[in-house]
Structure formats: structure tokens, C-alpha cells
Amino acid sequence: MEEYRIIRKALITEKSTIAKDGWNKYFFEVDVMANKVEIAKAIEKLFKVKVKNVCVMNVLGKKRRTGRIVGQKRSWKKAIVTLAPGNRIEIHEGV
């Protein structure tokens, strides 16, 4: 799979900003079919950093209701990437 199809977007929240500053961890939304090895290789190739660890979790879509109709948002996969000491991803630096 291509690197740009594996990594969908960076997740920038209050929790991810604290994890970035304290433990050098970055949060990404990734493709549902991607595994840890593919995610690590994609991060290393796109951002030219050394990945130490990757944790992956499936996030279930929330149920939403409009009147009588009940729908559901799409489910997605979240990856928490820990970088080796001394490595940083510049996309998060201005936040």
C-alpha cells in the first residue's frame, strides 16, 4: 500500500499535544486495513524519522439520530506512534 494511503491525517487534540511534548508520541488516523509494520514504514518514509513503537486501536463510529432515523458514523483506526529519542515530526511544531 502507498504511504499516503496508509496515513490519512494527523490527529491534533489536547491529549495528543501533551503526549507529543512529554513522551514523543504522535497520533494519526490510518487506513483500516493497515497493520503496525506498514504504519511504521510509512511514518519513517514520509517524515524521515526512526519509529520506536506503534500502538493501534479501532474506533467505533458513534450512533447519530436525526428525527426517527438512526444512523452511524464510520468506524476508523487510530495509531499512536512513539518515536526514538531525538526525532521529531515538524508538522506538529506550530500547534
Side-chain angles (χ1 to χ4, degrees):
M1 221 188 273
E2 285 183 29
E3 291 80 21
Y4 292 104
R5 300 193 94 197
I6 293 173
I7 308 299
R8 296 207 174 173
K9 66 180 178 181
L11 300 175
I12 302 173
T13 61
E14 186 176 351
K15 184 176 181 178
S16 68
T17 305
I18 292 169
K20 173 189 67 103
D21 294 336
W23 302 290
N24 207 18
K25 293 185 178 189
Y26 295 87
F27 291 47
F28 295 95
E29 180 181 336
V30 297
D31 187 59
V32 179
M33 299 302 292
N35 59 28
K36 290 182 179 185
V37 176
E38 292 174 339
I39 294 167
K41 287 181 182 178
I43 294 290
E44 287 179 349
K45 189 170 181 183
L46 288 175
F47 298 108
K48 296 174 180 54
V49 293
K50 179 69 178 152
V51 174
K52 182 178 174 184
N53 188 18
V54 177
C55 294
V56 182
M57 62 189 76
N58 291 313
V59 181
L60 296 176
K62 293 182 180 180
K63 291 188 177 182
R64 293 294 179 203
R65 183 183 172 117
T66 305
R68 293 185 299 158
I69 301 169
V70 177
Q72 186 173 2
K73 287 188 166 186
R74 67 178 179 85
S75 298
W76 53 286
K77 187 179 272 191
K78 182 195 296 187
I80 303 172
V81 179
T82 305
L83 300 182
N87 290 312
R88 298 191 72 71
I89 294 179
E90 299 298 325
I91 195 165
H92 288 284
E93 293 305 317
V95 179

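These numbers were taken from a predicted model, which means no experiment stands behind them.
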Treat each ILVMFWY residue as a node, draw an edge where side-chain heavy atoms are under 4.5 Å apart, and state whether [X] and [Y] are in one component.
X: Ile18; Y: Ile89; answer: no
X: Ile6; Y: Met33; answer: yes
X: Ile39; Y: Tyr4; answer: yes

Q.
How about CE on Met57, more than 12 heavy atoms from neighbouring residues, nucleotides or ligands closer than 6.0 Å, or not?
A. yes
Q) Would you find more than 12 non-hydrogen atoms of other residues, nucleotides or ligands less than 6.0 Å from Lys77 atom NZ? A) yes
Are any of the side-chain heavy atoms of [X] and [Y] separated by less than 4.5 Å?
X: Asn24; Y: Arg88; value: yes
X: Ile80; Y: Trp23; value: no
X: Phe28; Y: Ile43; value: yes

Q) For Arg65, what residues pass the salt bridge (Lys or Arg N to Asp or Glu O under 4.0 Å) criterion, not counting sequence neighbours? A) none
Of all heavy-atom pairs between [X] and [Y], which one has the smallest distance, and what is that distance?
X: Trp76; Y: Val32; value: CA-CG2, 4.4 Å
X: Ala40; Y: Val51; value: O-CG2, 3.9 Å
X: Val49; Y: Glu44; value: O-CG, 3.2 Å

Q.
Any carboxylate oxygen within less than 4.0 angstrom of a Lys/Arg side-chain nitrogen, looking at Arg74 and Glu29?
A. yes
(Q) Regarding Arg8 and Asp31, does a basic nitrogen lie under 4.0 Å from an acidic carboxylate oxygen? (A) yes
Q. Got a donor-acceptor contact below 3.5 angstrom from the Ser75 side chain to the Gly61 backbone?
A. yes
